[in-house]
Amino acid sequence: METKVWSVDKHVDDIQSYPQIIQPAQLLQDNEVVAFPTETVYGLGANAKSDKAVKKIFQAKGRPGDNPLIVHIASRSQLDELAEEIPQVAEELMAAFWPGPLTLIFHKRKGVLSELVTAALDTVAVRMPDHPVALALIKESGLPIAAPSANTSGRPSPTAARHVQDDLTGKIAGIVDAGATGVGVESTVLDCTEEIPVILRPGGVTREEIEKVAGEVIMDASLKDKAAAPKSPGMKYTHYAPKAPFILVDGNLSFLQSLIDEKKSEGLKVGVFAAKEHETEIRADYILAPGKTSDLNSVASGLYDTLRKFDELPVDIIFGQVFPVSGIGEAVMNRLLKAAGHQVIKQG
Ligand code: AMP
Ligand code: MG
């Protein structure tokens with residue numbers, strides 16, 4: 001299949017009337033899949049009402065069928081068609097964070113969406129992305145758009161159109177390219193069907209920000225305890241992993257250096273996923289630093305691109321520094337732990 005690429009300037013006015021939006025919107029109406037930018041990562045969109053269209057998402061990504069998809073909308077009124085009841089706390093969260101990187105789980109209205117979107121659950125996950133191109137495309141299509149990240153399942157999520165091309169060229173109808181995304185980690189997933197909302201996945205909106213609006217929220221047990229059954233089916237899958245073994249190191253710089261030196265003495269090429277503050281102090285074969293510990297947003301923004309860059313380097317093993325688990329750091333560490341398959345070497 002030919003994969004078309006449309007380049008669009010996200011700053012132009014009246015974006016919805018551009019052929020770079022009208023053509024991909026038409027393909028979405030024709031039940032084809034199209035990748036598009038959001039403020040978090042690139043999404044792989046399809047008509048959420050069509051089995052035929054949604055099936056193509058799972059096929060292109062190689063995504064397990066029991067991992068439900070987030071439905072993307074462009075206006076608040078689209079939600080009423082999808083959700084059975086909207087609790088007051090959700091109204092307040094939407095007023096505060098939509099459009100934005102917060103996905104809310106509602107009881108679903110039956111018979112509206114393809115059952116493949118919700119993996120036959122009786123709930124539906126919905127968000128409104130904060131990106132002019134995503135909003136224009138969804139509006140122009142006139143549809144609720146199911147969209148997971150536009151990567152091959154298991155690989156790091158795409159934060160640039162070229163990441164999507166690397167994974168999905170020939171497998172999807174098109175890619176709308178509007179440059180790099182901003183936030184860099186996926187949306188926070190919050191279950192609003194419980195008395196006290198539950199964070200199923202940390203993401204672009206922090207727990208602290210949510211609590212200011214919604215009061216106390218709970219972190220799903222599976223986020224802390226790997227053995228607990230996840231409430232969000234997708235949370236059980238390994239994700240984001242680079243090709244070489246990736247291991248996190250929880251310790252000071254000399255401890256990290258001793259691990260690097262040990263591997264080098266075995267003749268291995270060692271990569272390090274580092275904080276920018278430490279980049280010049282570490283001695284290894286390849287050191288990549290997405291951002292500073294003192295600016296965790298920069299780490300989030302460059303996280304997936306950095307993991308993908310290691311795949312282009314001849315490294316045998318990658319050590320990763322750990323980052324503070326506060327604010328967006330909660331999402332950063334969640335993704336790094338998944339990328340590492342939860343392997344952490346702790347300084348004794
Ligand atoms: P991704 O498409 O990779 O961003 O992942 C979407 C995330 O949302 C996965 O972790 C899913 O398990 C989760 N999700 C989507 N729909 C639901 C739902 N109805 N209930 C719980 N989690 C959901
Ligand atoms: Mg994903």
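Just follow the structure's listing: the first ligand is 1, and inside any ligand the first atom is 1. Keep in mind that the numbers below use all heavy atoms, side chains included, and drop hydrogens, waters and symmetry copies.
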**Student:** Quick one: which ligand 1 atoms are inside 4.0 Å of a heavy atom on I105?
**Tutor:**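 Those of ligand 1 that fall under 4.0 Å from I105 are 17 (C), 18 (C), 20 (N), 21 (C), 22 (N), 23 (C).
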**Student:** Return each pair, listed once, that meets salt bridge (Lys or Arg N to Asp or Glu O under 4.0 Å) where at least one residue sits in residues 142-156; pairs must be two or more places apart or across chains.
**Tutor:**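 Qualifying pairs: R155-D167, R155-D311.
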**Student:** Indicate every side-chain donor-acceptor pair of residues 323-331 with a distance under 3.5 Å to a residue at least two apart or in another chain.
**Tutor:**
unit_1: E330; atom_1: OE2; unit_2: R207; atom_2: NH2; d: 2.8

**Student:** Atoms of ligand 1 less than 4.0 Å from T123 heavy atoms?
**Tutor:**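 Answer for ligand 1: 18 (C), 19 (N), 20 (N).
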**Student:** Mark up the atoms of ligand 1 that fall under 4.0 Å of a heavy atom belonging to R201, in ascending order.
**Tutor:**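 By the 4.0 Å cutoff, the relevant atoms are 1 (P), 4 (O), 5 (O), 6 (C), 7 (C).
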**Student:** L121 heavy atoms, cut-off 4.0 Å: which ligand 1 atoms fall inside?
**Tutor:**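 With L121 as reference, the close atoms of ligand 1 come out as 18 (C), 19 (N), 20 (N).
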**Student:** Only heavy atoms count here, so choose which of S149, A150, P68 is nearest to atom 17 (C) of ligand 1.
**Tutor:**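 That would be P68.
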**Student:** List the residues meeting side chain to side chain contact (heavy atoms under 4.5 Å, CB included) with Q20, not counting sequence neighbours, and say none if there are none.
**Tutor:**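 With neighbours one apart ignored, the set is W6, V8, Y18.
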**Student:** Going by an N to O cut-off under 4.0 Å, is there a salt bridge joining K108 and E81?
**Tutor:**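 No, this pair does not count.
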**Student:** Residue-level breakdown please: for K108 versus ligand 1, do any non-hydrogen atoms fall below 4.0 Å on the side chain, on the backbone, on both, or on neither?
**Tutor:**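 K108 to ligand 1: no contact under 4.0 Å from either part.
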**Student:** Output the list of atoms in ligand 1 that are nearer than 4.0 Å to some heavy atom of A125, sorted by atom number.
**Tutor:**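 Counting from 1, the qualifying ligand atoms are 15 (C), 16 (N), 17 (C).
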**Student:** Is the Y304 ring parallel, tilted or perpendicular to the Y240 ring (thresholds 30°, 60°)?
**Tutor:**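 Y304 vs Y240 ring planes: tilted.
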**Student:** Could you name all protein N, O or S atoms found under 2.8 Å from the Mg ion (ligand 2)?
**Tutor:**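 Under 2.8 Å from the Mg ion (ligand 2) - ignoring waters, which are not counted - the protein N, O or S atoms are S149 OG.
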**Student:** Let me confirm one number: the CD-CD1 distance from E140 to I15, rounded to the nearest 0.5 Å.
**Tutor:**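 Here the interatomic distance stands at 12.0 Å.
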**Student:** If you count the atoms of ligand 1 from 1 in the order shown, which ones are under 4.0 Å from a heavy atom of P148?
**Tutor:**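 Selected atoms, number and element: 2 (O).
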**Student:** With heavy atoms under 4.0 Å as the rule, classify the contact between N67 and ligand 1 as side chain, backbone, both or neither.
**Tutor:**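 Answer for N67: side chain.
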**Student:** Looking at D305 and K309, is there a salt bridge between them, counting it only when a charged N and a carboxylate O are closer than 4.0 Å?
**Tutor:**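 D305 and K309: salt-bridged.
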**Student:** Is the shortest side-chain N to carboxylate O distance from E186 to R335 below 4.0 Å?
**Tutor:**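 A salt bridge is present here (some side-chain N lies under 4.0 Å from a carboxylate O).
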**Student:** Going by the order shown, which atoms of ligand 1 are within less than 4.0 Å of some heavy atom of L200?
**Tutor:**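 Counting atoms of ligand 1 from 1, those under 4.0 Å from L200 are 21 (C), 22 (N).
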**Student:** Strictly below 4.0 Å, N to O, side chains only: are R127 and E39 in salt-bridge contact?
**Tutor:**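 Answer for the salt bridge query: yes.
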**Student:** How far does CZ of F310 sit from CZ of F246, to the nearest 0.5 angstrom?
**Tutor:**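 Answer rounded to 0.5 Å: 7.5 Å.
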**Student:** Do the charged groups of E115 and K110 touch, with an N to O distance under 4.0 Å?
**Tutor:**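 Looking at E115 and K110, the cut-off is not met.
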